[in-house]
Protein chains: 2
Amino acid sequence: MGHDTFFQYLKDTDAKIKQYFRDSETKKHFRPSHIYDGVLSYLLRPAKRLRPAMMMLSCGCLSGTDKIASILPAAAGIELFHTWTLVHDDIIDNDHMRRGQNTVHVDLMKKGKNDLDLNDEEAEEYGRSIAILTGDVQHGWVVSAFVECALTYDIDPVLVLTLIKHLETEVLDNLIYGEVLDVQFSLQDFPEQITIDEEQVLKMEWLKTGVLYEFAAAAGAMMGKETTDFDDPDVRALAGFASNCGIAFQLQDDILGIVGDEKQLGKPIGSDIREGKKTTIVLQALKNADSVQNNRILSVLGNRSANDGDIAEIISLFNDLGGIEYTRKLASSYLDKALPRLHRIEESKFKDLLYSWADFMINREL
Amino acid sequence: MGHDTFFQYLKDTDAKIKQYFRDSETKKHFRPSHIYDGVLSYLLRPAKRLRPAMMMLSCGCLSGTDKIASILPAAAGIELFHTWTLVHDDIIDNDHMRRGQNTVHVDLMKKGKNDLDLNDEEAEEYGRSIAILTGDVQHGWVVSAFVECALTYDIDPVLVLTLIKHLETEVLDNLIYGEVLDVQFSLQDFPEQITIDEEQVLKMEWLKTGVLYEFAAAAGAMMGKETTDFDDPDVRALAGFASNCGIAFQLQDDILGIVGDEKQLGKPIGSDIREGKKTTIVLQALKNADSVQNNRILSVLGNRSANDGDIAEIISLFNDLGGIEYTRKLASSYLDKALPRLHRIEESKFKDLLYSWADFMINREL
């Protein structure tokens, strides 16, 4: 299958998901206008819709085309779930850009200034406060979207309840565990060395990304096969595939954060370095660094006022010391774990698209 | 029915709800320990459990005793729902005390200092960040608690889905609408006069409190009567009763915030004045004030550095200018609307307890 078919599938998925958001009755409850705007903001920006695509493809693998229409609300729900975590994470990480535009809390800060005549300090607090509540509203919308699969479409109510419970406990709590570790790691001082090891970094990558991909696949598979059993072998196969792909995705994200194209990514290159993000790129570079290089890297990493020259130098070091190459290979090794999981799944256009999906995880540039 | 019976009922409810939290399997997902501690914090402090009591009594009114055991997870869920909104509101309102102890974000700030060696600024940000995530984990727990009513007990899955959807859209979005209005009102400057009127204040009180009480009653009634119909006359009667009681509760809260006992309330008297909270007490006092009194009130209201003498003076003015008395009568008038709604409900010990519940709304001192 060509890449064109896959990109067309993502584009079609995007159109369906956006249409769902546009048509949703739920929006009428979003008040006042700052909440309404905040909730819709990221959802209507260009996005890859990888999680909804994973859910629908997993469903298709076990059920064929017909069932997919019934799970559209859940596919939109998984995108919503991802989105509310982004809104809260952006507040926590003090990020200013997302998908090429202001983050929600920055947008709301500006609205506070323009619409409510707030001073800078008040506006900053206002932006943060309303963004917290925006994420909360989106979180609620997730649940109601999943419920629709049972109340509006023909998915078994007990299955929907089972999925919602799993999403709102294990999945949510793992994601948040990952986010807390991320916060704690980034606050660690490292005057001479970094004490976090690769295992911890990879665990965090799994918690922050693998877990939700895994759920998207499991939920799609379970709705496709009409089973409430997370341990069904087909469900496990698709979930394991998605989980490993998710880690590869996150490793590629770390690479693009260093050597990617600013415009395509929608966020400034170097922000990962200024934030002091601990990645396998950093760990591997430090492993191969001499003491001068080691000190240079540690002096720039996590330094929010590092200039563009500093950043360019560190990027060079990450390349020269093999950090990028090592992480590319690591991402590949997760795909090697992912792909055999699909062997037991019957051939279909959906399975072909999953192979393209896996390929996209490590060959994407956005 | 004596007050003792009612207080005993609240005490028994508290014991059941706490036991539910203690026994819950869901807790094993709360990691790391700062999240675990944050999530459990408010839940295990002394609390009135009015929302769970309302849900269980409404259920009992339409079903008798047997059914009540099946809805315990939902009753715990409504307490959890209230709790996550408190955690996020406390961050937004910069409150430091809740139920006689530190608020969650203040607790977590201290943990950041003690466990992670953070400096003051880092610790403040850490406390706020982990508290946002703590509320998110609690929000997820709400959903899984409701789901248990169907998967572990005998409540109809479609009914549980209907309730969850309503809670996570209409109810949640109204609560957040109320919180945003509260934030926006408190940021309004008022050099010479307050532009908010009583209708707006009462709307906000309904959004912030009435809505969730109304849902607690409706959900209990629907599970008791085994109906998915929010418009069932018995459901509407109990929901209307609870909604009006909720506004009375909130008005009494405003009164206690001015003339209550600091120790019993668990938060400092005067904080509502220093925060510039717009209540019917304030509006009525200003209405009856001469220009000197008017200026004096407006100079202290919202002034975070007002001293105890200023606060005492404003409390006197609120009394002398009839703000307290007016609000007492207003609260009473909401009870007058609430009580007739119970006429169509059959006599039972549950109905008697609802009468005591209503009485407690305006005669409580904590």
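So that the names make sense, note that chain A is the first sequence line, chain B the second, and so on, each numbered from 1. Only a predicted model underlies this, so the values are computations on that prediction, with no experimental measurement involved. Only heavy atoms go into these numbers, but all of them, side chains included; no hydrogens, no water, no symmetry mates.
Here the CD-NE2 distance, from Gln184(B) to His34(A), works out to 6.5 Å after rounding to the nearest 0.5 Å.
His166(B) does not touch chain A: none of its heavy atoms, backbone or side chain, sits under 4.5 Å away. Using a 4.5 Å cut-off between heavy atoms, Ile91(A) contacts chain B through its side chain alone, with no backbone atom that close. Heavy atoms of Asn94(A) lying under 4.5 Å from chain B belong exclusively to its side chain. Both the backbone and the side chain of Leu161(B) have a heavy atom closer than 4.5 Å to some heavy atom of chain A. Of the atoms belonging to Leu133(B), heavy atoms from both backbone and side chain fall under 4.5 Å from chain A. When heavy atoms are compared at a cutoff of 4.5 Å, Thr162(A) approaches chain B by way of both its backbone and its side chain. Proximity to chain B involves both the backbone and the side chain of Val137(A), based on heavy atoms less than 4.5 angstrom apart.
In plain terms, the two heavy atoms of Gly140(A) and Glu168(B) that are nearest each other are CA-OE1, 3.1 Å. Annotation for His139(A) and Asp136(B): closest pair CE1-O, 3.7 Å, computed over non-hydrogen atoms. The minimum heavy-atom distance linking Ser144(B) with Lys165(A) is given by the pair CB-CG, 3.6 Å.
Applying the side chain to side chain contact (heavy atoms under 4.5 Å, CB included) test between His29(B) and each of Leu172(A), Asp173(A), Val171(A), Asn174(A) identifies Asp173(A) as the sole match.
If you tally non-hydrogen atom pairs under 4.5 Å between each of Ile35(B), Val158(B), Leu151(B) and chain A, the highest count goes to Leu151(B). Ranked by non-hydrogen atom pairs under 4.5 Å with chain B, the options Leu116(A), Ile130(A), Val147(A) are led by Val147(A). In terms of non-hydrogen atom pairs under 4.5 Å with chain A, the most contact-rich of Val160(B), Ile92(B), Ile164(B), Thr85(B) is Ile92(B). Contact tally against chain A (heavy-atom pairs below 4.5 Å) for Tyr126(B), Phe146(B), Trp141(B): the top residue is Tyr126(B).
In Glu124(A), the CD atom is not crowded: 12 or fewer heavy atoms of neighbouring residues, nucleotides or ligands sit closer than 6.0 Å.
The closest side-chain heavy-atom distance from Leu187(B) to Glu125(A) is not below 4.5 Å.
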